[in-house]
Structures are given as structure tokens and as C-alpha cells.
There are 2 protein chains.
Amino acid sequence: MLLIYVFNHKKMTELERYIKSYFGIVQPNDMKTIISLFKPSTIKKGEYFLKSEHFCDKLSFIQSGLLRMFVVTDGKEVTQWISTKGYFVTDLASIIFDLPSRWTIQALTDTELFTIQKDDYKKIGKLIPQWHELEKLFIARCFIILEDRIFMHLSMTAEERYQFFFEQNKDLFNQVPLQYLASMLGMTPETFSRIRRKT
Amino acid sequence: MLLIYVFNHKKMTELERYIKSYFGIVQPNDMKTIISLFKPSTIKKGEYFLKSEHFCDKLSFIQSGLLRMFVVTDGKEVTQWISTKGYFVTDLASIIFDLPSRWTIQALTDTELFTIQKDDYKKIGKLIPQWHELEKLFIARCFIILEDRIFMHLSMTAEERYQFFFEQNKDLFNQVPLQYLASMLGMTPETFSRIRRKT
DNA sequence: CTGATTTCTTGATTTATATCAAGACCCATC
DNA sequence: GATGGGTCTTGATATAAATCAAGAAATCAG
């Protein structure tokens, strides 16, 4: 029991560290409040974190492992993003605006999460007045990343997108099936493979 | 003088209407505060609202006219978006995080704006406690739109992107040079033209 | 109205990328 | 260490889209 406590404590610290780095300085008491709302859980390789069309009623922090976010269209899976340690995962449209989820999110490996339920998530804003502002800045940061990603699709070839992504995410290349990276970069596995050989 | 007053009043009401529709209900007094911080101005066709690398110190509402947001890479202009009446325009990365702007924003037609300066913009959050939350929701909505736009690039052909965009923005097609629409949809003007003929 | 620019279209060609199909590799499991 | 399922690579071919070049149409300025 003590072991588990120590174990959890250490992991919680990590969540805290990420919250600090994403949201900036938060009062120690507020941090305690926020952290206490996140509950640890695990999800096994292949299991679903969220299925499309369902309502997403949670937001999770990835402590370890990998989640893949994708959509099925015309019988094909289109991978939108792969989230690793340190990411927050949810369908924003679903948790904020109560819309059915657009994505399916599935574990690529056994994954440790800290999860906050929607009700508790909505409480944070009431408990911590500063919260909405911090979250606004966080979402703005995400928005800017997507703007850049769109720009990449407007102005770069498949090979340039590969190079750019590879520079920033070398580690992912030996952790996930490459076909998923191909998809999220907007090319086929064959094209991805040929580019990879060249470079 | 009276004429101008009436004129402005009517236009202000429009800004108010848009703020309401984007941000939800705001207390009448708060609305008055917000509106009072926006000052009318105009910008002539071809003039720049913002140049890339400069710092963006304002946020504007488009009362009438068209602004194009683009980047120059390899001597080519890549149009990222075209904003019309009812849009808010700024470089988020620049106004929120004090970064140099990534985009150039230029008027495609004479354009009427209501503009709030950065300092005043930052004040709103202090004057109206609820503001950060409303703005968070607004930015989240923008984020969701970009997610969908990325999905379009991952899963659709040039023709499908054309069709989809055309359905939602028929009006734009006879207001702006089509080459800019081509660019923001990620294709050449020639490809755009051929698709257009077919359909 | 007229000439000058800019924008759009069209055709010919090239290039990038997708598709199809087969085989190789990898690695987990018995 | 064989079997099998998933994954990756490779080659041949088809298709989508870019490029290049020229002319047509639209727009703008005087």
C-alpha cells in the first residue's frame, strides 16, 4: 500500500510539472485542487479511449504510452494525431460543446492515464477563477500549432512534411506503426516508405 | 455630425450582434464597455493590416470588406485564409504571446474595421471577469474548425476540397481573385480552374 | 473609351503521389 | 524454430496535380 502511494505520488508530480509548463504558475493550493480531480487509470493496447459519435465525458493526461486519434472514411482510417507522454487527450468539440465526438481514440500501447471527468473538469473554472484564462492560453497555443500544420499542407511536398515532422519527432518513428505516421502526414504508407529509404 | 453618429451607432450594433453570436450573452453594461474599446477605421484596397515579422498590436472586427492572410515562401504567396464581414482578425500568436507575426494581412477591397488596441484588449479580461471564459470558448471553436480543415487535407482530393468549400462559401467566388482561393485550398490556379469548369 | 495590367483558361508535358500486387521482414506464440 | 498475423518494402502502373507557355477575358487607370 505504501509502495502504491509513493508510486502514485511520484507520477502525480509529473502531471503537476506538465500542468505548470502548459498553464504557467498556479497557486500551490489551486494545484492541489486540480490534481486531486485527476484519477489514475490504465488502458490496454488496442482498447478504445473514445469512439466516434459517442460523447466524450473526460479529459486525460498521458503518463506513459501512446494514443492514436483517427476517423474512418470510405472504409479507410485517417489518422489525425498520435499523442504521447505529456499530452492531454479529449475531443474538445465533445467535452466543451456537448457534440458527438468526431474521432476515435485508441491505445497503441498499454497506457497510463490521469483522467478528469467532465463534471469535475467543468468545476475547475469555478474553483479557480484564474483557470479560464490559463486554459484560454493553452487552447490558443494548440490553435497556433494547427495553423502551422495547415500551412505545411498548403506549401510543402510529402517529402518536406516528412522531413519536418521527423526532425521534431524522431522518437515516434520507432514506437508506432509507420503507416499511422504516413496517414497523419497526408500520404500513403508506400510513399512514406520510399521517402524513408531515400533519406 | 448627427449623421455620423447615427451611422456609427448602426454599425456598432452590428459588432454587438456578432459579439453576442460568437461569445454568447454578455451583460448590457459589459457589452457597452467592450464596444467602447473598439474604434472605427478603414483600410484601402492593397494596404496592409499587418506585415509578417512585425508585432501585431491590435485585433479588428471586419464591418465590411475583405482581408487576405498569407505567407511568402520561396517567392510564392501562400494564402492561408480570407476573412470577410463578421470576422475577427489578428495574429493570435503575436497578440497573445508577443511573438513576431507569421502572416501578412492585406486588404483585398476597401475595408471598414472596428479595432481594439492590444492594451485595451488585454484590459477586457480585467474589466469583465467572465471574458476569459467566453474567449476560451471562442478560440476553442476556432480550434475545432482548424481540426476539420486538417482532416480535409488528409482525406480529400483537390476536387473534393473545392466542392466542400464552394458549398459553404459560394459568395466568395465572385468577390476575390480565384487564385487566392486556389492557394488556400492547397492547389494551383490551373487546377482550380479546371475543376471549376467541370462542375 | 482605350490601352495596360492583372487574372483566368486551356493545352501539352512533367512530376509527384496513389494504387495494385507481391514478397520480405518482424516478432509474438505455440 | 516453425507458424501466422501484422507491417514494411519494392516494382509496375495509373492517376492527380504541378508546371510551362500562350492566349483570352476581365478589370483598372487615365
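Labels below follow one simple rule: chain letters A, B, ... track the order of the sequence lines, proteins then strands, and each chain is numbered from 1. In this text the structure is predicted, and so the values were computed from the model without any measurement.
In this structure, B:Leu185 places its CG atom 11 Å from P of D:dA18, rounding to the nearest Å. Rounded to an integer number of Å, the gap from CZ of B:Phe192 to P of D:dA16 is 19 Å. The interatomic distance linking A:Met187 (CE) with C:dT19 (P) rounds to 14 Å, in whole Å. Atom pair B:Glu159:CD and D:dA16:C1' shows a separation of 10 Å (rounding to whole Å applied). Counting to the nearest Å, the C1' atom of C:dT19 and the CG atom of A:Asp74 are 15 Å from each other. Between the C1' atom of C:dC27 and the CG atom of A:Asn174 lies a distance of 16 Å, rounded to the nearest Å. One interatomic measurement links the two molecules: OH of A:Tyr162 to P of D:dC8, which rounds to 12 Å at whole-angstrom precision. A:Gln175 places its CD atom 14 Å from the P atom of C:dC27, with the value rounded to the nearest Å.
Contact between the side-chain N/O atoms of A:Thr191 and the OP1/OP2 oxygens of C:dT17 is not found at any separation under 4.0 Å. For the pair B:Arg196 and C:dT7, the criterion of a side-chain N or O lying under 4.0 Å from OP1 or OP2 is not met. An OP1 or OP2 oxygen of D:dA18 is reached within less than 4.0 angstrom by no side-chain nitrogen or oxygen of B:Lys76.
In the set D:dC8, C:dT7, D:dT10, D:dT10 carries the atom at the smallest distance from any side-chain atom of A:Arg197. Relative to the side chain of A:Gln179, the nucleotides D:dC8, D:dA18, C:dA18 differ in distance, and D:dC8 lies closest. Closest approach to the B:Pro177 side chain among D:dA18, D:dT7, C:dT7 is made by C:dT7 (side chain taken as heavy atoms from C-beta onward). Side-chain proximity of A:Leu178 to D:dT9, D:dA18, C:dT17: nearest is D:dT9.
Within 4.0 Å (heavy atoms only), B:Arg194 reaches at least one base atom of the nucleic acid.
Taking the six-membered ring for Trp and the full ring otherwise, A:Tyr87 and A:Tyr18 have centroids separated by 6.0 Å or more.
Using a 30° and 60° split on the angle between ring planes, A:Phe165 and A:Phe173 fall in the tilted class, from 30° to 60°. Between B:Tyr162 and B:Phe166, the ring-plane angle classifies as parallel under the 30° and 60° cut-offs.
Figure legend: A:Lys58 and A:Phe49 shown as a cation-pi pair, the cationic atom lying under 6.0 angstrom from the six-membered ring centre and within 45 degrees of its axis.
For C:dC8, the base has no donor-acceptor partner in the side chain of B:Glu190 [N/O atoms by modelled type, under 3.5 angstrom].
In this structure, B:Phe97 places its CZ atom where more than 12 heavy-atom neighbours from other residues, nucleotides or ligands lie under 6.0 Å away.
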